[in-house]
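I have placed the structure first, in the form of structure tokens, so that the comments after it can refer back to it.
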Amino acid sequence: MAKKSNICASIEGKRISFNTRQFYQYTPYVHEHLGVKVFPFKLGINGYAEIESSLEDLSKVVFETSMLEVGDSIQGGSVEGWATKAIGKTEVINRTATHKAEAGNLRGHAYAHVQSPHRDHLQSEDIMARHPELPQVLNPIYKTEPGD
Amino acid sequence: MKPMRVENDFRTTSDIGSGILSGGYPSGDVLFRVVSTDGARWEHVAVTQTQFVRDGLNQLCDDHQKDIAILSSVIVWQKRTIDFQALHTAYLLNSISEEEFDTESDKFTFRQRSVDPEKIAFVVERMHELLGFSFDTSDYADYFKCTQKNVMEGLRLLPGKQFTELLPSE
């Protein structure tokens, strides 16, 4: 069953669709664990990302705590991540009856993570108590000994 | 104590000049501050050691140079971002192919480095005071060219609410 989260969770996939009110593209960098260039991004206002296609080699997952199955999704006030392939054109869609949003896709090995939860989660002790934040655990294959 | 009163009969004056900022001064080297309220009579004379004034001016210059360096680095960062955004826009508008974009983007690609958390804390706090707003952890990671984990190590050293709310709750 597809999992959905909006509290400090992440997803990783081969193809991830997203929509947001505000899309940012950062300058690329060489990923410290994958060793390849990645294109980082931020979904600035009300970001949503969902796995459309799963990674073929699950041993390359960066965070063991990432959700990996098709349909798994995250949602947050701000979502950030990266993709190993260039992020292409976005299109404007009707997201709600009153708001439009930008929609696009991440390709290659793609990762999206809730940077800040929705305001209601930040303000609600009850919701935070029932849905504690998920700590991210790095895949042991990327762990290096000090001095390596 | 009754203020010292002297007649306005000075005949010569000279500029102290920028040379005051260099060299050391013996305790007997002092600066006088003369205050006149009506333009005709000197009402008050204050004295302080030249070394004390020099140290204060140098500290002021150092602080301003650090601020200018931070603001300058923000402009350089934003220039790099704007240039990359222009390249990405060209790709989105099909002016260049994905392969060309990938090749050209190599010029902007950096390797993440390890930054001293204390340096991150100092720069982030000063940047916030100078600009009047904060960035996200992903913005700071792009600015410092480091990981977000590294940024959060620095943010944890800052007590301000505007910084602690950027961190996941412990």
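A quick note: this is a predicted structure, and the numbers were derived from the prediction, not measured. Residue numbers begin at 1 in each chain, while the letters A, B, ... track the order of the sequences.
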- How about A:Y29 and B:D142: does a side-chain donor come under 3.5 Å of a side-chain acceptor? no
Membership question, hydrophobic clusters at under 4.5 Å side-chain separation (ILVMFWY): are [Y] and [X] in the same one?
X      : Y      : answer
A:F23  : A:L106 : yes
B:L155 : B:V115 : yes
B:V34  : B:V47  : yes
B:F110 : A:V36  : yes
B:V76  : B:L71  : no

How close do [X] and [Y] get, counting heavy atoms only, and between which atoms?
X      : Y      : result
B:H88  : A:I87  : NE2-O, 2.8 Å
B:D136 : A:S78  : OD2-OG, 3.8 Å
A:K37  : B:S105 : NZ-OG, 2.7 Å
A:T27  : B:F84  : CG2-CB, 3.6 Å

- Message: Working to the nearest 0.5 angstrom, can you tell me the gap between B:Q85 CD and A:Y24 OH?
- Response: 9.5 Å
- SB check B:D102 A:K85 (cutoff 4.0 Å): no
- With a 4.0 Å cut-off, would you call B:K149 and A:E32 a salt bridge? no
- Message: Quick check on B:E100: does its CD atom have over 12 non-hydrogen neighbours (other residues, nucleotides or ligands) under 6.0 Å away?
- Response: yes
- Query: Should we say atom CZ of B:F52 is surrounded by more than 12 heavy atoms from elsewhere, each under 6.0 Å from it?
  - Reply: no
- Message: If I measure from the heavy atoms of chain A, does B:D83 come under 4.5 Å with its side chain, its backbone, both, or neither?
- Response: neither
- What part of B:F108 is in contact with chain A, defined as an atom under 4.5 angstrom from a non-hydrogen atom: side chain, backbone, both or neither? both
- Which bit of A:E80 comes within less than 4.5 Å of chain B, counting heavy atoms only: side chain, backbone, both or neither? side chain
- Item | Region of A:K89 in contact with chain B, defined by heavy-atom distances below 4.5 Å | both
- Task: Let me see the working for A:F39 and B:F101 under ring-ring contact (aromatic ring centres under 6.0 Å, His included), right down to the final yes or no.
- Result: CA-CA 12 Å; A:F39 295 92; B:F101 171 67; 5.6 Å; yes
- Pairing residues for B:T147 by the side chain to side chain donor-acceptor pair (under 3.5 Å) criterion, not counting sequence neighbours: none
- Which residues from residues 121-134 of chain B are near chain A, with near meaning under 4.5 Å between non-hydrogen atoms? none
- Under 4.5 Å between any side-chain heavy atoms of A:H31 and B:Q112, yes or no? no
- Side chain proximity check, A:K42 to B:D139, heavy atoms < 4.5 angstrom: yes
- Run the numbers on B:Q148 and A:H113 for side chain to side chain contact (heavy atoms under 4.5 Å, CB included), then give the verdict. CA-CA 12 Å; B:Q148 289 193 56; A:H113 165 248; 5.5 Å; no
- Item | Per-residue contacts, residues 54-64 of chain A versus chain B, heavy atoms under 4.5 Å | none
- Item | By ring-ring contact (aromatic ring centres under 6.0 Å, His included) - contacts of A:Y142 (at least two apart) | A:H33
